[in-house]
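Everything below concerns the one structure shown next.
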2 protein chains.
Amino acid sequence: MTKQATRRRGDDLVRSIHEAVLAELAEVGLGRLTMEGIARRARTAKTSLYRRWASPHDVLLDAIHDEHPQEVPSPSADDLRGDLIRALRQLVEWTRSPTAAAAAAILGERKRYPELAAALYERVFDARGGRFTLTVLRYYAARGHLDPALITPVVADIGEALVLKHSLDADAPPSDEQLAAIVDQAILPAVGRGPQRAAR
Amino acid sequence: MTKQATRRRGDDLVRSIHEAVLAELAEVGLGRLTMEGIARRARTAKTSLYRRWASPHDVLLDAIHDEHPQEVPSPSADDLRGDLIRALRQLVEWTRSPTAAAAAAILGERKRYPELAAALYERVFDARGGRFTLTVLRYYAARGHLDPALITPVVADIGEALVLKHSLDADAPPSDEQLAAIVDQAILPAVGRGPQRAAR
DNA sequence: TGATTAAGATACGTGGCCGTATCTTAAGTG
DNA sequence: CACTTAAGATACGGCCACGTATCTTAATCA
C-alpha cells in the first residue's frame, strides 16, 4: 500500500513511460515487448498503462510520435567535401539515440509489424525532411557547383547506404576517417569529382 | 496414439525441422521463436526436439550451419557493366531465400543475440567467400582494365550497400533498371568510369 | 522374424504475461 | 480545507511455453 511516497501524474508520468518503452525495446526487442515489462521499467502499475494504451505497440507508437526530430544539416561554406562529411557525421550521431535504436528494431521486423514501420516513416523519417547528404548536394547544385542532373535518387543514397552497411558489418558506425573515405571514394566521384581526375 | 501412419527418422526428420525453424523465424521473429512453435510447424513432437537441441536458438544455428552457400558470380566477358549488374542480381536473388530472411532477422537483433550473429557470419557470409561485386571488380583489375588502387573496401561495398538501402526503404529489392542505375551512377564513377565523361 | 532404436503422443507442474476488477491514497482543484 | 481526479497496489482466472517423464509404436537392423 505504502511503497511510493511521491507519485507522478499526467505528462510527467507519460514521459517516463515513453523512456521506459524505448529502453525496454532496446533490451528485449520488439517481439518481447510487454505491458508488464514496460510497467516494471517505468516503475508504475500495469493498471496505469492500460488506462491509456491498449498494447505495447500503442505505447511505442506514442513514444515515437513524441520524438521531436533534430534539425537537418545546413551547408556552411564553399566546402562540399566538408559539408558532406558533416552531414554523414550527423547521421552517425543520430544513430546513437534511443529513437534510432527503436527505428532499427522496427525496420528489422517490418514484415511482421507493418503499422509500426509505417508510423515510423511518418513520424520520424518524413518529419525529418529528407536525407542528410541530399540536403547538401541540392545546396551546391542550386549554386551551380554541381550538375543537378547527377543528383539522382541513387546518388543521394550513396552516403547513407554506406554508413548503414558499415554499421551492419562492423556492428559500429564508421569513424571520421571512414566517413571521409565514403565521401572521397563514393559520393564525390558520383557527382563528377574524381576519383583521380578532377571534373573541372 | 495412432495419428501418424508414417514416421520420419534421422536426417530426414532433421531436414524437416530445419525448414520449419526457418519458416517459423520468418513468421514470428527471433524473439518469439519457440520450441513448441517449431514442433508444431515441423509436425513433430516437442520431445523429439529436446532429444537433439536445448533451445530454439540451437535449432536455428544448426539449420544455418546446414545451409550450403550458393556459388559466387564468375565474370563472363569483356563487359564490366553487365557483370556488375549480374552480380547484383545474384545478390537480389539470394535475398529471396529463407536463409536470407533468417539472416535479416538475426542481424536486426544482433545486439541481443550476438552468438547468432557470429555464427551467421561464420557459416554463411564468410563461407560464401566475399562480396558479390568485389569478385567482378577484382577480375577486371587483374586484367588491367581497372586501376587496382581504386578498389577500396568502400568502393567494394557500394553496390551491396545501395541494394540493401533500397530494400530497406522500399521493402522490396531493386528492379533490374534500378540495379543498372546503381552500377551506372555509383559504382562505375567510383572506379573511374564516368559519370558523364568516360575515363579513357 | 524378433530385437533394438528412436519418434509420436500425452500429461504434468511452473512461471510469465494477459486483461480486468477492486481498493487505497497521493496529487491537484475550488 | 473538503473534494475530485488519477495513480499505486494487489489479486484473479486464462492461456501459453517451458522442460521433463512416461508410454506406445513405427522403422530399422541382425
Side-chain angles (χ1 to χ4, degrees), chain A residues 1-63 66 105 109 112-113 115-116, chain B residues 1-63 66 105 109 112-113 115-116:
Chain A
M1 329 269 182
T2 341
K3 205 180 250 174
Q4 298 261 119
T6 185
R7 189 182 282 188
R8 294 157 301 178
R9 274 171 84 115
D11 292 351
D12 213 30
L13 176 61
V14 169
R15 260 190 302 277
S16 298
I17 294 173
H18 284 169
E19 278 178 39
V21 68
L22 291 180
E24 190 75 5
L25 174 60
E27 185 161 321
V28 305
L30 200 46
R32 291 196 174 284
L33 207 56
T34 178
M35 286 302 227
E36 307 222 349
I38 299 167
R40 256 196 312 272
R41 189 179 291 264
R43 305 167 142 278
T44 188
K46 220 184 1 166
T47 325
S48 307
L49 287 185
Y50 278 106
R51 283 202 189 95
R52 288 178 216 263
W53 302 281
S55 74
H57 285 186
D58 283 349
V59 186
L60 180 58
L61 278 178
D62 226 34
D66 225 38
E109 310 219 33
R112 278 176 286 278
Y113 314 103
E115 348 74 49
L116 284 178
Chain B
M1 329 271 181
T2 341
K3 204 180 250 174
Q4 298 258 121
T6 186
R7 189 182 280 187
R8 295 159 299 178
R9 275 171 85 117
D11 292 351
D12 213 30
L13 175 61
V14 170
R15 262 190 301 277
S16 297
I17 294 174
H18 284 169
E19 277 177 40
V21 68
L22 292 180
E24 190 75 5
L25 174 61
E27 184 161 322
V28 306
L30 201 47
R32 291 198 174 283
L33 206 57
T34 179
M35 286 302 227
E36 306 225 350
I38 299 166
R40 256 197 311 273
R41 189 178 291 265
R43 304 166 141 278
T44 188
K46 220 184 359 166
T47 324
S48 306
L49 287 185
Y50 279 106
R51 282 201 189 97
R52 287 178 217 263
W53 301 281
S55 73
H57 285 186
D58 283 348
V59 186
L60 180 58
L61 278 178
D62 226 34
D66 226 38
E109 310 218 34
R112 278 177 286 278
Y113 314 103
E115 348 74 50
L116 284 178

Backbone N/O of B/G10 and side chain of B/R15: donor-acceptor pair under 3.5 Å
no
Tell me whether B/R8 contacts the main-chain N or O of B/V14 through its side chain, where contact means a donor paired with an acceptor under 3.5 Å.
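Side chain of B/R8 to backbone of B/V14: no pair is present.
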Answer with yes or no whether B/R7 presents, from its side chain, a donor or acceptor under 3.5 Å of a partner atom in the base of D/dT25.
yes
Can you tell me whether the side chain of A/R8 and the base of D/dG8 have a donor-acceptor pair closer than 3.5 Å?
no
Using a heavy-atom cut-off of 4.0 Å across all strands, would you classify [X] as base, sugar-phosphate, or nothing?
X	answer
A/G10	sugar-phosphate
A/T47	base
A/R40	sugar-phosphate

From [options], pick the nucleotide closest to the side chain of [X]?
X	options	result
B/R9	D/dT28, D/dG19, C/dG8	D/dT28
B/M35	C/dC18, C/dA7, D/dC18	D/dC18
B/R52	C/dA7, C/dT20, D/dG19	C/dA7
B/T44	D/dG8, C/dG8, C/dC18	C/dG8

If you assign B/K46 and A/R51 each to the DNA chain C nucleotide with the nearest heavy atom, which residue ends up on the more 5' nucleotide?
B/K46
First encountered from the 5' end of DNA chain C, between B/S48 and A/T34
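Going by which nucleotide is closer to the 5' end, it is B/S48.
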Kindly assign one of parallel, tilted or perpendicular to the pair A/H18 and A/W53, based on the angle between their ring planes and the thresholds 30° and 60°.
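It falls in the tilted class, 30° to 60°.
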Please report, rounded to the nearest Å, how far the [atom2] atom of [N] is from the [atom1] atom of [X].
X	N	atom1	atom2	result
B/E36	D/dG19	CD	P	10 Å
B/W53	C/dA7	CH2	C1'	12 Å
A/L13	C/dA26	CG	P	17 Å
A/R15	D/dA7	CZ	P	13 Å
B/R32	D/dC18	CZ	P	12 Å
A/I38	C/dG16	CD1	P	18 Å
A/D58	C/dG19	CG	P	11 Å
A/Y50	D/dG8	OH	P	16 Å

I want to check one thing: is the phosphate of D/dA27, taken as OP1 and OP2, less than 4.0 Å away from some side-chain N or O of B/T6?
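Yes, B/T6 has a side-chain N/O under 4.0 Å of OP1/OP2 on D/dA27.
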Using a strict 4.0 Å threshold on nitrogen-to-oxygen distance, state whether B/R9 and B/D12 make a salt bridge.
no
Would you say CZ of A/R32 has more than 12 non-hydrogen atoms from neighbouring residues, nucleotides or ligands within 6.0 angstrom?
no
